[in-house]
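Take a look at the structure below.
All heavy atoms count here, side chains included; hydrogens, waters and symmetry mates do not. Quick note on labels: first sequence line is chain A, next is B, and so on, each numbered from 1.
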Amino acid sequence: MHSPFFKGMSHGIPIALGYFSVSFGFGIKAVMSGLSVTAASLISLTNLTSAGQAAGVDVIAAGGTIFEMILVQLTINLRYSLMSLSLSQKLDKKFTMPHRLLASYGITDEIFAVCSSQTGLLTPAYMYGMIFIATVGWVLGTFLGASAGQILPQSVSSAMGIVLYGMFLAIIIPPAKKEKSVLFVISLAAALSMVFYYFIQNISAGFAMIISAVIAAAAGALLFPVRENIGGQA
Amino acid sequence: MSTGIYIAVMAGVTYIIRMIPFTFFTKKIKSEFVRSFLHYIPYAVLSAMTLPAILYSTGDMMTAAVGTVVAVILAYFGCPLIVVALAASLAAYIAGLF
């Protein structure tokens with residue numbers, strides 16, 4: 001356990017277990033949206049992110065344009081640029097350019113959270129260990145969910161459709177309880193999203209989400225500017 | 001359009017977002033508005049994605065509503081992500097038995 005790679009792996013085991021069950025739900029959702037098991041697994045292997053993948057599958061299912069896909073991924077995954085920025089200040093000298101190019105693949109909410117809570121500098125081996133085990137959990141869960149989605153009874157697989165959304169609620173509700181500003185932002189975003197869903201149906205789901213989120217976050221930034229502590233978030 | 005193209009675009013955009021700051025940026029963002037916007041955007045995105053979609057996630061609005069209520073309560077009391085996610089699903093499943 002002294003090797004940094006194994007240390008990273010052991011720190012990543014809880015992440016992998018969590019990813020496994022959430023991506024199981026993603027696999028089911030992807031297949032229900034008309035994707036193949038291979039496509040679902042490939043998405044998980046190449047993207048390693050929950051919200052972006054779920055929204056991406058929605059765009060594919062709706063036959064959206066590539067422009068819409070790019071904009072959806074940019075908006076949803078923009079937060080990673082902030083996490084990457086934050087982690088880039090915390091890297092060991094061993095993190096040469098090729099290592100940076102490789103390790104940036106695996107910066108997720110949870111990996112960011114664990115890495116940024118480490119005292120001392122991050123080595124490539126440590127991050128690779130964590131990313132490796134988390135990716136195994138994520139892809140394996142997707143594969144099994146997508147495969148079993150067709151074997152499981154309808155009642156079970158449809159109940160699993162809510163898993164990802166349950167996780168989203170678990171990410172946004174605790175900070176909303178602590179900070180009025182976050183409560184304001186999530187309430188406004190949800191309200192706008194419902195207005196689009198029920199009243200403005202000629203705008204696609206992806207764009208409706210982007211517009212709702214951008215308006216809510218901009219309103220939050222204007223009304224409740226954040227002075228410090230960027231990064232300690234979802 | 002081919003699913004492969006969609007997947008390549010998703011993966012490419014997601015990778016670039018992570019890679020550019022990690023590899024090239026060393027300075028901190030100064031604009032308070034941009035920093036605040038970036039702070040709030042994840043919450044806004046997840047919220048807009050969840051509502052109202054969660055109500056249609058199980059194919060039956062009644063079971064989905066039960067799962068949603070359970071998720072909100074457990075999340076409010078700070079249960080771990082995985083507990084909230086699985087409990088929501090279990091609650092929706094149980095509600096579906098009736």
Portion of A/Leu222 that has a non-hydrogen atom of chain B nearer than 4.5 angstrom: both
Indicate yes or no: at least one non-hydrogen side-chain atom of B/Leu81 is less than 4.5 angstrom from one of A/Glu110. yes
Test item: B/Phe33 and A/Pro225 side chains (from C-beta on) under 4.5 Å apart, heavy atoms: no
Within a strict 4.5 Å, meaning less than it, do heavy atoms of the A/Met167 and B/Val84 side chains meet? no
Among A/Ala216, A/Ala219, A/Ser212, A/Ala190, residue most engaged with chain B (heavy-atom pairs, under 4.5 Å): A/Ala190
Please answer whether the main-chain N or O of B/Leu51 pairs with a side-chain N or O of A/Ser193 as donor and acceptor at a distance below 3.5 Å. yes
Proximity breakdown for A/Phe95 and chain B, heavy-atom pairs closer than 4.5 Å: side chain
Is there a donor-acceptor contact under 3.5 Å from the side chain of B/Tyr6 to the main chain of A/Gly64? yes
Need one label for B/Val13: side chain, backbone, both or neither, based on atoms under 4.5 Å from any heavy atom in chain A. side chain
State, with a plain yes or no, whether a side-chain heavy atom of A/Phe184 is found less than 4.5 Å away from one of B/Tyr40. no
Option that, when pairs with chain A are counted at under 4.5 Å, heavy atom only, ranks first among B/Ile16, B/Leu74, B/Val45, B/Ile82: B/Val45
Taking side chain as everything from C-beta outward and backbone as N, CA, C, O, which of these in B/Tyr15 sits under 4.5 Å from a heavy atom of chain A? Side chain, backbone, both or neither. side chain
Just by distance, do the side chain of B/Ser89 and the backbone of A/Ala159 share a donor-acceptor pair under 3.5 Å? yes
What residue, out of B/Leu97, B/Thr63, B/Leu90, B/Val72, has the most heavy-atom pairs lying under 4.5 Å from chain A? B/Val72
Under 4.5 Å from any heavy atom of chain B, what part of A/Glu179 do you find: side chain, backbone, both or neither? side chain
Please identify, among A/His99, A/Met32, A/Met209, the residue contributing the most non-hydrogen atom pairs under 4.5 Å to chain B. A/Met209
Side chain, backbone, both or neither of A/Thr108 within contact of chain B (heavy atoms, under 4.5 Å): both
So do B/Thr3 and A/Leu42 actually touch side chain to side chain, heavy atoms under 4.5 Å? no
Within the 4.5 Å heavy-atom criterion, are B/Thr50 and A/Leu169 side-chain neighbours or not? yes
Check whether any side-chain heavy atom of A/Phe67 sits under 4.5 Å from a side-chain heavy atom of B/Val9, and report yes or no. no
Report which part of A/Pro175 has an atom under 4.5 Å of a heavy atom belonging to chain B: side chain, backbone, both, or neither. side chain
If the condition is side-chain hydrogen bond (donor to acceptor under 3.5 Å, both in side chains), which residues does A/Tyr165 pass it with, not counting sequence neighbours? none
With side chain to side chain contact (heavy atoms under 4.5 Å, CB included) as the criterion, how do A/Tyr80 and B/Met19 come out once you've worked through the C-alpha distance, each side chain's angles and the decisive distance to 0.1 Å? CA-CA 9 Å; A/Tyr80 291 134; B/Met19 183 273 283; over 6 Å; no
Contact class of A/Tyr105 relative to chain B, heavy atoms under 4.5 angstrom: both
Taking the side chain as everything from C-beta on, heavy atoms only, tell me whether A/Thr49 gets closer than 4.5 Å to B/Thr14. yes
Just by distance, do the side chain of B/Ser36 and the backbone of A/Val226 share a donor-acceptor pair under 3.5 Å? yes
Answer with side chain, backbone, both or neither: which region of A/Phe24 has an atom nearer than 4.5 Å to a non-hydrogen atom of chain B? neither
Check: B/Arg18 main-chain N/O paired with A/Ser84 side-chain donor or acceptor under 3.5 Å: yes
Taking every heavy-atom pair that is under 4.5 Å apart, which of A/Asp58, A/Val182, A/Leu87, A/Thr75 has the most such pairs with chain B? A/Val182
